[in-house]
Q: 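Structure incoming, see below.
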Number of protein chains: 2
Amino acid sequence: MGKQARTPQAREDRVKAILAAALDQFSQAGFDAARLDDIAAQAGVAKGTIYLYFESKERLLEALVASTISAPLEALEKRVAASPASASDLLRDFGAFMTQAAADPDRRRVMHLVFSEGARFPALARFHHREVISRGSALIRAIIAKGRASGEFVHDEPERFPQLAFAPALVAAVWLHVFDPIEKLDASGLIEAHIAMLLRALTREVL
Amino acid sequence: MGKQARTPQAREDRVKAILAAALDQFSQAGFDAARLDDIAAQAGVAKGTIYLYFESKERLLEALVASTISAPLEALEKRVAASPASASDLLRDFGAFMTQAAADPDRRRVMHLVFSEGARFPALARFHHREVISRGSALIRAIIAKGRASGEFVHDEPERFPQLAFAPALVAAVWLHVFDPIEKLDASGLIEAHIAMLLRALTREVL
DNA sequence: CGAAAAAATGACCGAAAGGTCATTTATCAT
DNA sequence: ATGATAAATGACCTTTCGGTCATTTTTTCG
């Protein structure tokens, strides 16, 4: 006597297809220029179908950003909380996390979308800040604080400005979308170099 | 027997007013959503007048980005070329340059526009890369090379990845447009902390 | 099987905005 | 002054979507 949709899986697949197509089109053309008709065509549905699942174009964008939550971030959070590792190693882990994020085209595209459209759609900026930025910042602060407590680190800039720690991830996301056709960027090399500098800058003895 | 416009100055003022209004509207609403009618109204001209000076909306955007060339960058370039100063001081100068750039709303808005729309308008990305990014990169490389030659610096990451040096400027431009309503950022503090870390990371003796 | 309910479709509507151009206004030469 | 020229205007045209909804298709259940 079930009464819910006969296709719990099919329904989810459809939503996923729409979101994937939307990410593609939004990322390619920008929010305004992207056409619902194209998104529908790419997702293999009719335009009207999109409105069965999403209220409006804007809600579709919000759902899209919301659907790309950071599972990997949670793993790192646990690792830092458990903390058998040294602060230096945790910082290296953070670098690995950024490298991974920069290598994932979907995540990069969502990040770039947020940076591009976030000013006009506060819900987007708010969500991304809450789910990614503030969590990443807390992580950095925890790692630096731990390093300072243990004596590994003798400076505190990233505790005051966590942005300094994840700046290269932001640079990579923007660069790969905007300047890569002009000048290629080795994102993982960039992040590796960044972490190396960060460790030297933090661990250095006071002059 | 003059035959040119009766108003050489008025003509230039009009172009400036249009560009200023365009920056305002593009930056506020994004390229697509910005209305030519609004730009015209804000500039105090009729819509048709814009088309007397610019071929299309897209050309207006390009002209806008092109009109914000970095005079300060040129000063720094000369200073580095002349080079009586130490590499450390030059790096501090570069920090001051970034602070200044981050504090100028117009420049920030242009940067954010390039990051947001550059992927769709290659002419924009190309121009900004040529006039700002590549010149900034060359500057960084020259400063680091000089420091390494003189023995001041014993590491070379920013020479391989100049992006590491100007990442905070990019972060500031994005942050102040997207996340500032949610969490304020002290851009000059950020850049100051960044330069401090950079100097420690570069000058450290080999362990 | 067949009726009813649900899901999907895509032709259509209306608003919005980029771009045009006939008309008006200001400037200049004589 | 006045005709000629250039500049500016803004009503208008046209196209382009976001969003709707009557119709069609699929699924469910007695």
Side-chain angles (χ1 to χ4, degrees), chain A residues 1-64 113 117 120-121 123-124, chain B residues 1-64 113 117 120-121 123-124:
Chain A
M1 285 90 102
K3 86 231 318 172
Q4 82 286 27
R6 308 295 139 230
T7 46
Q9 182 61 38
R11 185 184 169 88
E12 196 172 329
D13 286 350
R14 236 188 188 83
V15 170
K16 274 201 181 118
I18 293 171
L19 288 173
L23 175 52
D24 218 59
Q25 294 293 326
F26 285 155
S27 172
Q28 184 122 34
F31 176 77
D32 286 296
R35 282 164 299 191
L36 266 312
D37 281 304
D38 289 347
I39 293 172
Q42 187 175 329
V45 300
K47 182 162 62 169
T49 305
I50 294 178
Y51 285 85
L52 257 34
Y53 297 97
F54 304 97
E55 256 183 20
S56 65
K57 195 184 187 184
E58 188 173 334
R59 289 299 178 93
L60 175 56
L61 173 62
E62 288 169 13
L64 170 60
L113 260 181
E117 315 285 357
R120 292 197 295 140
F121 302 110
L124 235 64
Chain B
M1 288 86 94
K3 87 231 319 174
Q4 82 286 23
R6 309 297 137 228
T7 46
Q9 181 61 38
R11 184 185 170 88
E12 195 171 330
D13 287 349
R14 236 185 188 83
V15 170
K16 274 201 181 118
I18 292 171
L19 288 173
L23 175 53
D24 218 59
Q25 294 293 326
F26 285 154
S27 173
Q28 184 122 36
F31 176 77
D32 286 297
R35 281 165 298 191
L36 266 312
D37 281 306
D38 289 347
I39 294 172
Q42 186 174 330
V45 300
K47 181 162 63 169
T49 306
I50 294 178
Y51 285 86
L52 257 33
Y53 297 96
F54 304 96
E55 257 183 18
S56 64
K57 195 184 186 185
E58 187 173 335
R59 289 301 178 92
L60 175 57
L61 173 62
E62 289 169 13
L64 170 60
L113 260 181
E117 316 285 356
R120 292 196 294 141
F121 302 110
L124 235 64

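Every chain is numbered from 1 and lettered A, B, ... according to where its sequence line falls, protein lines coming before strand lines.
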Q: Could you state the CG-C1' distance from B:Asp38 to C:dG18, rounded to the nearest angstrom?
A: 13 Å
Q: Can you tell me how far P of C:dA8 sits from CG of A:Asp13, to the nearest Å?
A: 12 Å
Q: Below 4.5 Å, heavy atoms only, C-beta onward: do A:Leu61 and A:Leu113 meet side chain to side chain?
A: yes
Q: Would you compute the distance between atom CD of A:Gln25 and atom CG of A:Leu64 and round it to the nearest 0.5 angstrom?
A: 12.0 Å
Q: Ignoring the backbone of A:Leu52, work out which of C:dA8, D:dA8, C:dG19 is nearest its side chain.
A: C:dA8
Q: Under 4.0 Å, heavy atoms only, any strand: does A:Lys47 hit a base, just the sugar-phosphate, or nothing?
A: base
Q: Scan residues 14-36 of chain A against DNA chain C and write down, sorted by residue number, each residue with any heavy atom closer than 4.0 Å; if none is found, say none.
A: A:Arg14
Q: Could you state the atom-to-atom distance from CD1 of B:Ile39 to C1' of C:dG19 in whole Å?
A: 13 Å
Q: Would one find a side-chain N or O of B:Tyr51 under 4.0 angstrom from OP1 or OP2 of C:dC21?
A: no
Q: If you measure from OH on A:Tyr53 to CG on A:Leu60, what distance do you get to the nearest 0.5 Å?
A: 13.0 Å
Q: In whole angstroms, how far is the P atom of D:dC17 from the CG atom of A:Leu60?
A: 16 Å
Q: Let's see if you can work this out: which of C:dG18, C:dT9, D:dG19 has an atom nearest to the side-chain heavy atoms of A:Lys57?
A: D:dG19
Q: Does the pair A:Glu62 and A:Phe54 meet the rule for a side-chain contact (heavy atoms from CB on, under 4.5 Å), with working shown?
A: CA-CA 10 Å; A:Glu62 288 169 13; A:Phe54 304 97; over 6 Å; no
Q: Without decimals, in angstroms, what is the distance between A:Ile50 CD1 and C:dA8 C1'?
A: 12 Å
Q: Walk me through it: do A:Arg120 and A:Asp32 pass the test salt bridge (charged side-chain N to carboxylate O under 4.0 Å, His left out)?
A: CA-CA 11 Å; A:Arg120 292 197 295 140; A:Asp32 286 296; 2.7 Å; yes
Q: Rounding to a whole Å, what distance do you find between A:Glu58:CD and D:dG19:C1'?
A: 14 Å
Q: Over all strands shown, is A:Phe54 touching base, sugar-phosphate only, or nothing at heavy-atom distances under 4.0 angstrom?
A: nothing
Q: Please state how far atom OH in B:Tyr53 lies from atom C1' in D:dA7, giving the value in whole angstrom units.
A: 7 Å
Q: Among residues at least two apart in sequence or on other chains, which ones pass side-chain hydrogen bond (donor to acceptor under 3.5 Å, both in side chains) with A:Asp38?
A: A:Arg35
Q: Looking at CZ of B:Phe121 and CD of B:Glu58, how far apart are the two atoms once the value is rounded to the nearest 0.5 Å?
A: 5.0 Å
Q: Choosing from C:dT9, D:dT9, C:dG19, which nucleotide comes nearest the side chain of B:Ala46?
A: D:dT9
